[in-house]
Amino acid sequence: MSLPQITARIDAACAKADRSPAEVTLIAVSKVQPPERVEAVLAAGHRSFGENRVQEAQGKWPAWLDAFRGTELHLLGPLQSNKVRAAMDLFHAIHSIDRPKIARRIADIAQETGDCPALFLQVNTGEEDQKAGIPPREADAFIRDVRAMDLPIAGLMCIPPADETPSLHFALLAKIAARNGVAGLSMGMSADFEQAIALGATHIRVGSAIFGDRVAA
Ligand SMILES: *Cc1c(COP(=O)(O)O)cnc(C)c1O
C-alpha cells in the first residue's frame, strides 16, 4: 500500500469519527527497512518516522534529519537507562517510558540541557509478561510520579495483545488518559489504525502497510 492510500484511509476514518485529520499524526515506522524505501517516503514529503532501537536509528537518521528538514523521529521501542542521553539527542518523542528510573534519568538530563523530547508513557493494557509497559492499575500513580518530576506527559502508548480485539485495549488506554487529563494517544498499527482513530488516537504507528513487509533484521 502506498503512502497516499494510507492517508486516504486515515482521512476516511477521521470523517467517520467526526474528527479532523489534523489531530492524527501518522508515524511511518521505518525499523529494519531498506534505506531506499525510507528515502522514497521522505522524498514524498512525509516528516514523521518511528524507530525501535536507538542504535539502529543512530546509524541511519542523522544524515536524513539533516537532509530532510522538519523531520520528527519517534522512539517506539524499549529504552535502557544507559541509552537515555543518546535517545534524547536524536529523538523528538519517546513512546516507551515505563519505569521511574528512566523518567528520573530523562528529568535529570532535561534539567541539564533545557531540552526534552515529547514523552509518552507505555501502558501494558494486556498485562502480558513479555511486553513492556506499566500495568493499567499502576498507570495513575506512575503518571503522578512523572509529573512530580516536572516532566510534561504528551500521551500514553499501548501495543495490544496480538490475539485480542484491539478496540478494547484502545478504549482502556483512552479511559486512563481521559481521567488523568493526558491529551495524546499513541495507538494503532498497520492492522488496526482505523479502529484506533475511532477511539481517539492522536499518533498512529504504521510500518508494513507503508513500506511493505520488513526485511529480516
Ligand atoms: C513495528 C512497530 C509498529 C509498526 O508495526 P506494523 O504492524 O508494521 O504497522 C508500531 N509500533 C511499534 C511499537 C512497533 O514496534
Side-chain angles (χ1 to χ4, degrees), residues 25-33 35 38-39 41-42 46-125 130-134 138-139 142-159 173 177 182-189 201-207 210-211 214 217:
T25 299
L26 169 62
I27 301 171
V29 184
S30 51
K31 66 185 180 205
V32 308
Q33 293 288 354
V38 183
E39 276 163 8
V41 173
L42 279 161
H46 194 72
R47 290 294 177 265
S48 292
F49 291 82
E51 288 285 340
N52 263 35
R53 292 164 181 272
V54 176
Q55 209 162 346
E56 183 188 340
Q58 279 176 318
K60 53 188 193 182
W61 275 101
W64 284 336
L65 292 176
D66 211 40
F68 298 92
R69 291 282 152 179
T71 299
E72 288 198 346
L73 203 53
H74 297 253
L75 178 64
L76 310 176
L79 180 58
Q80 288 145 8
S81 52
N82 64 343
K83 293 274 170 64
V84 169
R85 189 180 290 273
M88 290 175 73
D89 270 352
L90 183 60
F91 289 92
H92 303 85
I94 299 174
H95 291 239
S96 51
I97 316 291
D98 67 352
R99 277 173 293 153
K101 186 182 169 192
I102 295 290
R104 186 70 260 165
R105 181 98 183 102
I106 290 172
D108 289 345
I109 295 172
Q111 273 285 334
E112 178 195 315
T113 62
D115 217 25
C116 193
L119 303 178
F120 292 75
L121 311 188
Q122 183 172 354
V123 182
N124 187 358
T125 55
Q130 78 280 15
K131 214 163 260 175
I134 32 160
E138 292 171 23
F142 187 53
I143 291 167
R144 251 192 331 269
D145 291 347
V146 171
R147 283 177 169 153
M149 296 176 200
D150 257 340
L151 291 174
I153 298 171
L156 303 182
M157 181 272 230
C158 76
I159 308 171
L173 195 71
V182 173
L185 288 170
S186 167
M187 58 190 198
M189 317 203 311
T202 60
H203 295 71
I204 58 172
R205 313 178 307 265
V206 180
I210 294 175
F211 294 107
R214 279 182 283 280

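No hydrogens, no waters, no symmetry mates; every other heavy atom, side chains included, goes into these values. Owing to the predicted nature of the structure, the values given are computational and were not obtained by experimental measurement.
Within the 3.5 Å criterion, the main-chain N or O of Leu185 finds a donor-acceptor partner in the side chain of Thr202. At distances below 3.5 Å, not a single donor-acceptor pair connects side-chain atoms of Arg147 with backbone N or O atoms of Pro152. For the pair Ser96 (side chain) and Gly77 (backbone), a donor-acceptor distance under 3.5 Å is present. Using modelled atom types, one side-chain atom of Glu56 and one backbone atom of Val32 make a donor-acceptor pair closer than 3.5 Å.
Taking the charged nitrogens against the carboxylate oxygens, Asp89 and Arg85 have no contact shorter than 4.0 Å, which rules out a salt bridge.
For the pair Ile153/Leu121, a side-chain contact is recorded, criterion being any heavy-atom separation below 4.5 Å from C-beta on. Residues Leu26 and Ile210 form a side-chain contact, since some pair of their non-hydrogen atoms from C-beta on lies under 4.5 Å apart. In this structure, Leu90 and Gln58 have side chains that are in contact, with non-hydrogen atoms separated by less than 4.5 Å. The side-chain heavy atoms of Gln122 and Ile159, taken from C-beta on, include a pair separated by under 4.5 Å.
The number of heavy atoms from other shown groups lying within 6.0 Å of NZ (Lys60) is above 12. Atom CD of Glu39 is surrounded by more than 12 heavy atoms from other residues, nucleotides or ligands within 6.0 Å. Counting non-hydrogen atoms of other residues, nucleotides and ligands closer than 6.0 Å to CD of Glu112 gives a total above 12.
Taking the six-membered ring for Trp and thresholds of 30 and 60 degrees, Phe211 and Phe49 have ring planes inclined between 30 and 60 degrees apart.
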* To do: Could you give me the CA-CA distance, side-chain angles and deciding distance for Ile106 and Cys116, then say whether side chain to side chain contact (heavy atoms under 4.5 Å, CB included) is met?
  => CA-CA 8 Å; Ile106 290 172; Cys116 193; 3.9 Å; yes
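Considering NE2 of His203 and CE of Met157, their distance stands at 12.0 Å, rounded to 0.5 Å.
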